[in-house]
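Encoded as structure tokens, the structure appears first; notes follow it.
Since this is a predicted model, take the numbers as computed values, not measurements.
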Amino acid sequence: MSQNNQEYGADQIQILEGLEAVRKRPGMYIGSTSERGLHHLVYEIVDNAVDEALAGFCSNIMVTINPDNTITVEDNGRGIPTGINSKAGIPAVEVVFTVLHAGGKFGGGGYKVSGGLHGVGASVVNALSNWLEVEICRDGKVYQQRYERGKTMYPLKEIGTCDPEKTGTKVTFSPDGSIFETTVFDFKTLKVRLRETAFLTKGLKIELKDLRVDPIEERVFHYEGGIKEFVTYLNRGNQELYPDVIYCEGEKDGVYVEVAMQHNDSFNDSSYSFVNNIITPEGGTHLAGFRSALTKTFNNYAREAKILKDNDAAFSGDDIREGLTAIISVKIEEPQFEGQTKQKLGNSEARGAVDSIVSEQLTYFLEQNPSVAKNICEKTLLAQRAREAARKARDLTRRKTALEGTALPGKLADCSDKDPKNCEIFIVEGDSAGGSAKTARSRATQAILPLRGKILNVEKAREDKIYANAEIKAMITAFGTGIHEDFDISKLRYHKIIIMTDADVDGAHIATLMLTFLYRFMPELIKQGYVYLAQPPLYKIEKNKKVWYAYSDEELNNILVEIGRDGNNKIQRYKGLGEMDAEQLWETTMDPEKRVLKRVMVNDENASDVDLTFSTLMGDKVEPRREFIEENAKYVQNLDI
């Protein structure tokens, strides 16, 4: 063994002082240093202001993206205390911004419930910023302090006076470019999160302004109806089954519970759970309590109303939740999350509280609204029959495969390598492009599955119809993972699933249909980063027997500037993959050395927004789709007319 000269003695054990730990391992505190982590900084400061609103002291929060990509968050809460903290010997505001695990949320009567519990919010934002300035109005005076990379620049100072009635905190910060991969804030990402926060805190007004654009872009979120309005908003892409949103509210064992729900004509369960306004993407005890109450209450009602006869099978939870949009929001004094990123709630009392409040109030609602109850039970019965039919279809498929060995679809041209890490599958639109792709591919690692025409829109079909669709069945079999409750990611046969469609409107539609199917039935493939979109070139440029490919109008211009614009240039605009021969297809779209792939990503934190986008684009209602197109038309890059 080679001798390692580095000493390992008592002094080699490092103690990271104060905020240094955060700068050294930012991912531990904000999840990542990507764009997602960057936006987390804003949420941490906003959540502090929301905690003031939950405590009943703040009604207005204003978030501004300044022209230089700094952020200002201003609230009209009580203002962070400016007095000297006896334990630290410095002003309380300085403790909040410079000491980890400090805050008013650990008991001590400052807050009853709050989302920021680990006491790392404000100090982490400070540690990961080039500079941060805080201004506080309290007791008729205005105070200010500035920090740079977590270090205090000067003691808290009084910079003026204000109306004694006016209180609040204003924080401006500039994220540190040496830590984050990007320091450019995205208006849309902030808009989704702030809208959600406003829905969850009824009566709170949140304003968002982007001063980087002209004219200034601004949105105001203010919902007196709270989560009832949230459900209506999420359901706008679908037809609701009954007019009123069912609402349950109450407190039990120190847990404040609020639930709003409404069924629509789709086939998906869109339930979102929150604890102290923080989304819990993996659910937890509160979601379990809600599901158990729902299943129990509907089964009891259906038996009593003789919708289910004595010998009929009971409704399953999945059947009752088909087409359900629900928001479960609990406020709890000491939430226990599983994991620092607060993905799942662990408090056992939340389960009992949600279960009991929802069971009791939902029972009253169903008894007082028999027509609504009957509607929901009829939809559930249809779902139950479809699930039974789908199960039979699945069992049949399984029996067949057991008899025939694992029969892969006939039109799949598989690859010879059997290690999924090295393998990729191209889902290609149409047989002609499929033919070129089969010739072009590298047989060892690239599989090709051509699809005929447009696949089924799963947003408008039940599971039994989906199993009967040949194109979708071919994909399920080729991927190897199964779907829904049979889904097993360890059986995935390819670590890159590449959707390769024409660069025109039809191609975009087919890609959207494919993504809808993957998002609804195999969401883990997208969450774990296995799904990609191929980027075929838009233009081929020939000059003096030399060939260039351009993937965008901008690239085309750059190439033309470089080679000179004259009569010798031959420019071809590709409409479809079928226009390329195998060699061109390999060179431009399939060769791992040269191709451009876009990975499809989904962020757990905006699950409700992603869901809404799919139901808006793929659902039955035209009006929300028109609004979506009007709002997003400005982002169109290639328009086929």
Side-chain angles (χ1 to χ4, degrees), residues 31-32 34-40 43 186-200 219 221 227 229-238 261-262 264 266-274 277-283 287 321-329 341-344 457-461 483-484 487 489 497 499 508-533 598-621 624-625 627-629 631-632 635:
S32 75
S34 62
E35 193 177 329
R36 188 174 175 175
L38 176 77
H39 290 84
H40 248 273
Y43 310 153
D186 178 44
F187 184 81
K188 190 165 182 239
T189 305
L190 291 175
K191 179 180 79 177
V192 170
R193 170 67 183 246
L194 295 177
R195 179 194 291 128
E196 202 164 84
T197 305
F199 275 130
L200 291 163
R219 289 292 165 89
F221 307 113
I227 62 171
E229 284 193 52
F230 198 174
V231 168
T232 309
Y233 172 77
L234 292 175
N235 264 346
R236 65 189 189 155
N238 296 303
M261 57 181 162
Q262 188 183 38
N264 59 52
S266 80
F267 308 112
N268 310 304
D269 167 14
S270 308
S271 303
Y272 301 100
S273 57
F274 299 83
N277 284 10
I278 293 171
I279 189 165
T280 40
E282 291 170 24
L287 185 62
R321 293 194 306 273
E322 185 191 88
L324 177 72
T325 299
I327 301 292
I328 301 99
S329 173
T341 48
K342 306 181 182 178
Q343 300 264 307
K344 193 172 185 181
N457 178 359
V458 300
E459 198 71 21
K460 296 181 184 176
I483 63 172
H484 271 353
F487 183 81
I489 198 124
I497 293 168
I499 299 170
H509 186 210
I510 290 169
T512 311
L513 287 165
M514 290 277 318
L515 288 174
T516 307
F517 164 66
L518 291 170
Y519 179 72
R520 291 299 186 207
F521 289 90
M522 305 176 171
E524 275 309 304
L525 294 183
I526 298 180
K527 284 179 189 164
Q528 298 196 22
Y530 292 129
V531 180
Y532 297 81
L533 296 173
K598 282 187 176 172
R599 178 182 267 170
V600 181
M601 303 291 283
V602 66
N603 181 346
D604 276 341
E605 289 173 5
N606 328 353
S608 63
D609 198 55
V610 176
D611 218 43
L612 179 64
T613 306
F614 275 114
S615 57
T616 303
L617 293 177
M618 311 308 280
D620 281 327
K621 272 194 175 173
R625 192 155 40 243
E627 283 170 24
F628 180 91
I629 292 168
E631 197 176 313
N632 292 283
Y635 303 118

Q | Spatial distance of atom CG (Leu234) from atom CD (Glu196) [nearest 0.5 Å] | A | 8.5 Å
Q. Is a side-chain N or O of His39 found less than 3.5 angstrom from the main chain of Asp186, in a donor-acceptor match?
A. yes
Q) Does Phe517 have any ring-ring contact (aromatic ring centres under 6.0 Å, His included) partners at least two apart in sequence or in another chain, and if so, which? A) Phe521
**Q.** Spacing of CG belonging to Leu518 relative to NZ belonging to Lys527, to within rounding of 0.5 Å
**A.** 13.0 Å
Q: Determine, stepwise, if the pair Ser608 / Phe230 fulfils side-chain contact (heavy atoms from CB on, under 4.5 Å).
A: CA-CA 10 Å; Ser608 63; Phe230 198 174; 4.1 Å; yes
Q.
Given 3.5 Å as the limit, does a donor-acceptor pair link the side chain of Lys621 with the main chain of Asn238, or not?
A. yes
Q: Examine distances only and state if a side-chain atom of Asn268 and a backbone atom of Ser270 form a donor-acceptor pair shorter than 3.5 Å.
A: no
(Q) How close do Thr325 and Val231 get, counting heavy atoms only, and between which atoms? (A) O-CG1, 4.0 Å
Q) Going by atom types alone, do Arg195 and Tyr233 pair a side-chain donor with an acceptor below 3.5 Å? A) yes
**Q.** Distance in Å, Ile328 CD1 paired with Phe274 CZ, rounded so as to fall on 0.5 Å steps
**A.** 9.0 Å
(Q) So which atom in Ala511 and which in Leu533 form the shortest heavy-atom distance, rounded to 0.1 Å? (A) CB-CD2, 4.4 Å
Q) Is the Phe614 ring parallel, tilted or perpendicular to the Tyr519 ring (thresholds 30°, 60°)? A) parallel
Q. For Glu627 and Arg236, which heavy atoms make the closest approach, and how far apart are they?
A. OE1-NH1, 3.7 Å
Q) Would Glu459 and Ser615 count as having a side-chain donor-acceptor pair, cut-off 3.5 Å? A) no
Q: Please report the shortest heavy-atom distance between Phe221 and Ala198, naming the atom on each side.
A: CB-CB, 3.5 Å
Q: Indicate yes or no for a side-chain donor-acceptor contact from Arg599 to the backbone of Gly529 under 3.5 Å, with no hydrogens or angles considered.
A: yes
Q) Can you name the closest pair of heavy atoms from Gly237 and Pro624 and give their distance? A) CA-CG, 4.0 Å
Q) Measuring from Phe487:CZ to Glu524:CD, what's the distance to the nearest 0.5 Å? A) 6.0 Å
Q) To the nearest 0.5 Å, what is the distance between CG (Asn457) and OG1 (Thr516)? A) 6.0 Å
Q: State whether Arg520 and Asp611 are salt-bridged, where the test is any N-O pair (Lys NZ or Arg NE/NH1/NH2 against Asp/Glu carboxylate O) under 4.0 Å.
A: yes
**Q.** Distance-only polar pair, side chains of Thr280 and Ser273, donor-acceptor under 3.5 Å
**A.** yes
